[in-house]
Trainee: 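Just passing along the structure, written as structure tokens.
Note that the structure is predicted; figures quoted are calculated from it, not measured. Index from 1, following the sequence.
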Amino acid sequence: MTDVDTGGRDRLALAVLTQYRMATTEQMHLILAPHVRIEQTRRRLTKLRGEGLIDRITLPQAGRTRVWHPTPYGVRIASQWPELRGRRPPRTATDPTAVRLAVGHALTVTETAVQFQTDARRRGDLCQPLDWICEVHHPLGGGEAVIPDALLYYRRGSSDDSEGWSMLRAFIEVDRATMGPERLAAKLGTYARLHSYVPAPVGRRPAPQSVQEDWRRRYPLFPRLLFILDATGPAGIEARIQALHAASHDPAAAALLRTVPVLTAPFTDLKRNGPAAPVWRLVQDPHQRVSWMHNPQP
């Protein structure tokens with residue numbers, strides 16, 4: 001009998017590339033099937049490329065690494081699936097030149113997903129490949145929006161335990177030192193605006209008790225905010241952490257921090273020790289190191 005799940009695994013591979021934008025062969029292997037030989041992943045990707053659903057670029061450095069991305073045809077197919085409804089990526093996600101120019105940041109975002117998923121498997125938690133959603137649009141009114149690099153869904157606790165588990169959500173911001181520390185820190189204020197943003201009513205004025213923040217339509221709790229710092233040395237990392245710490249004193253940011261964990265960590269520490277390790281620093285108290293699952297004291 002033939003392997004009836006082959007189509008399902010092909011579908012997941014295309015869905016991952018459509019949702020993540022791009023990934024190396026090794027990253028795709030760790031996301032899709034780390035328990036089998038990587039040659040199986042290579043054959044799957046080659047097959048999907050032959051069907052015109054995905055394509056690749058080859059980086060001239062780093063051992064001529066292959067970076068996979070969806071084609072316009074692949075995006076058109078995958079965007080019709082229920083699991084990707086409303087998540088159509090920008091057109092540049094399928095353009096080889098645009099992929100090459102964005103590869104540094106995008107692959108770091110994908111590698112961050114790999115780290116969380118690998119850590120979840122090791123801990124017995126649940127973080128599936130499609131629980132990592134890139135660039136979710138959150139409007140702020142007036143044409144402005146908050147668009148995190150990724151939104152993470154993570155179920156903490158054994159799947160066999162119907163009561164002793166919790167769902168964690170996190171906005172992920174990956175900073176590769178392409179902007180100054182102050183511009184990075186300004187993002188904290190932007191998330192504070194999202195935390196308090198109430199859309200202007202349309203038509204009749206609603207009753208006061210029916211007015212609520214826009215984010216509550218999507219999340220039962222405001223997702224925690226994780227800043228991941230890369231592509232700079234210890235002095236650059238520290239400058240960014242101190243800039244975030246200074247921004248935490250703004251009254252709007254302080255209101256956010258009273259109920260929402262906002263943490264930052266060097267990407268190298270996250271890779272070396274795993275996301276659940278105490279490598280994260282509270283922006284309001286950078287001397288304290290905690291796990292990303294840390295909850296503030298009531």
Side-chain angles (χ1 to χ4, degrees), residues 19 79 82-90 109 112-113 116 120 125-157 162-174 184-228 244 247-264 275 280 282-284 290-298:
Q19 189 156 290
S79 296
E83 60 267 37
L84 295 187
R85 186 171 293 127
R87 299 179 189 171
R88 189 181 183 92
V109 174
T112 304
F116 276 96
D125 295 338
L126 186 64
C127 185
Q128 303 281 26
L130 297 183
D131 289 337
W132 182 268
I133 309 171
C134 292
E135 300 177 1
V136 179
H137 187 274
H138 298 79
L140 282 176
E144 295 185 79
V146 175
I147 307 176
D149 289 321
L151 169 64
L152 168 67
Y153 287 89
Y154 187 104
R155 174 170 164 154
R156 182 182 185 184
S162 61
E163 296 183 357
W165 63 273
S166 59
M167 177 62 74
L168 301 177
R169 302 166 189 83
F171 292 131
I172 307 292
E173 287 286 348
V174 174
L184 170 67
K187 290 187 176 184
L188 183 58
T190 305
Y191 279 96
R193 287 176 58 198
L194 177 64
H195 185 251
S196 61
Y197 170 63
V198 177
V202 178
R204 291 190 306 170
R205 180 174 297 178
Q209 62 269 23
S210 67
V211 175
Q212 63 178 4
E213 296 86 353
D214 191 59
W215 62 264
R216 295 185 187 276
R217 297 186 301 108
R218 306 189 189 201
Y219 315 111
L221 296 172
F222 194 86
R224 59 195 59 218
L225 176 55
L226 307 180
F227 288 96
I228 298 164
L244 286 165
S248 71
H249 296 301
D250 179 86
L256 170 72
L257 290 164
R258 279 195 289 271
T259 57
V260 179
V262 181
L263 312 169
T264 181
W280 301 86
L282 297 167
V283 298
Q284 68 269 45
V290 297
S291 166
W292 77 272
M293 302 179 192
H294 167 82
N295 284 314
Q297 294 297 322

Trainee: Could you state the interatomic distance from CG (Leu140) to CG (Asp214), rounded to the nearest 0.5 Å?
Mentor: 9.0 Å
Trainee: Over all heavy atoms of both residues, which pair between Ala145 and His137 is shortest? Give the atoms and the distance, please.
Mentor: CB-NE2, 3.2 Å
Trainee: Look up atom CH2 in Trp215 and atom CG in Leu221, then write down how far apart they are to the nearest 0.5 Å.
Mentor: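 These two atoms lie 6.5 Å from each other.
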Trainee: Going by heavy atoms in the side chains, are Leu256 and Leu194 under 4.5 Å from each other?
Mentor: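 The answer is no, as the side chains (C-beta and beyond) never meet within the 4.5 Å cut-off.
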Trainee: Hey, mind stepping through Val109 and Ile172 against side chain to side chain contact (heavy atoms under 4.5 Å, CB included) and telling me if it holds?
Mentor: CA-CA 9 Å; Val109 174; Ile172 307 292; 5.9 Å; no
Trainee: Does Tyr191 reach the side chain of Val146, with side-chain heavy atoms less than 4.5 Å apart?
Mentor: yes
Trainee: Measure from the side-chain N and O atoms of Glu173 to the backbone N and O of Leu225, and report whether any donor-acceptor pair falls under 3.5 Å.
Mentor: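 Not at all, since once roles are kept as given, no pair shorter than 3.5 Å links the two residues.
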Trainee: What are the two closest heavy atoms between Pro148 and Phe171, and how far apart are they?
Mentor: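 For Pro148 versus Phe171, the nearest heavy atoms are CG-CD2, 3.6 Å.
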Trainee: Testing the basics here: between Ala253 and Ala247, what is the closest heavy-atom pair and its distance to 0.1 Å?
Mentor: CB-O, 3.5 Å
Trainee: Would you check if the side chain of Trp280 reaches a backbone N or O of Pro275 as a donor-acceptor pair within less than 3.5 Å?
Mentor: yes
Trainee: Contact between Glu135 and Pro89 at the side-chain level, heavy atoms closer than 4.5 Å - yes or no?
Mentor: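 Side chain of Glu135 against side chain of Pro89, heavy atoms only: no contact under 4.5 Å found.
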Trainee: Any side-chain heavy-atom pair from Trp292 and Leu152 closer than 4.5 angstrom?
Mentor: yes
Trainee: Heavy atoms, side chains only, cut-off 4.5 Å: are Asp131 and Phe116 in contact?
Mentor: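 Result no, sub-4.5 Å side-chain heavy-atom pair not found.
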Trainee: Can you tell me how far apart CG (Leu188) and CG (Leu244) are? Round to the nearest 0.5 Å.
Mentor: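 So the CG of Leu188 and the CG of Leu244 are separated by 6.5 Å.
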Trainee: For Arg216 and Gln212, work out which heavy atoms get closest and say how close.
Mentor: CD-OE1, 3.8 Å
Trainee: Given side chain to side chain contact (heavy atoms under 4.5 Å, CB included), test Ile147 with Val136 step by step and report yes or no.
Mentor: CA-CA 6 Å; Ile147 307 176; Val136 179; over 6 Å; no
Trainee: Examine Tyr197 together with His138 and report whether their ring centres are nearer than 6.0 Å.
Mentor: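 They do not qualify: ring centres at least 6.0 Å apart.
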Trainee: Tell me if a side-chain donor or acceptor on Asp125 pairs with a main-chain N or O of Gly157 at a distance below 3.5 Å.
Mentor: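 Yes: the side chain of Asp125 pairs with the backbone of Gly157.
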Trainee: Do Val262 and Phe227 come within less than 4.5 Å of each other through their side chains, counting heavy atoms only?
Mentor: yes
Trainee: Report yes if the side chains of Leu151 and Tyr219 come closer than 4.5 Å at any heavy-atom pair, otherwise no.
Mentor: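 Yes, side chains in contact.
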Trainee: Output all residues satisfying salt bridge (Lys or Arg N to Asp or Glu O under 4.0 Å) with Arg193, sequence neighbours left out; order by chain, then residue number.
Mentor: Glu144
Trainee: Looking at Gln284 and Ser248, what are the two nearest heavy atoms and their distance?
Mentor: CA-OG, 3.8 Å
Trainee: Decide yes or no for Ile133 and Gln19: does some side-chain heavy atom of the first lie under 4.5 Å from some side-chain heavy atom of the second?
Mentor: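 With C-beta onward as the side chain, the pair touches.
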Trainee: Donor-acceptor pair, distance only, cut-off 3.5 Å: does the side chain of Arg224 make one with the backbone of His294?
Mentor: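 Here the side-chain-to-backbone pair exists.
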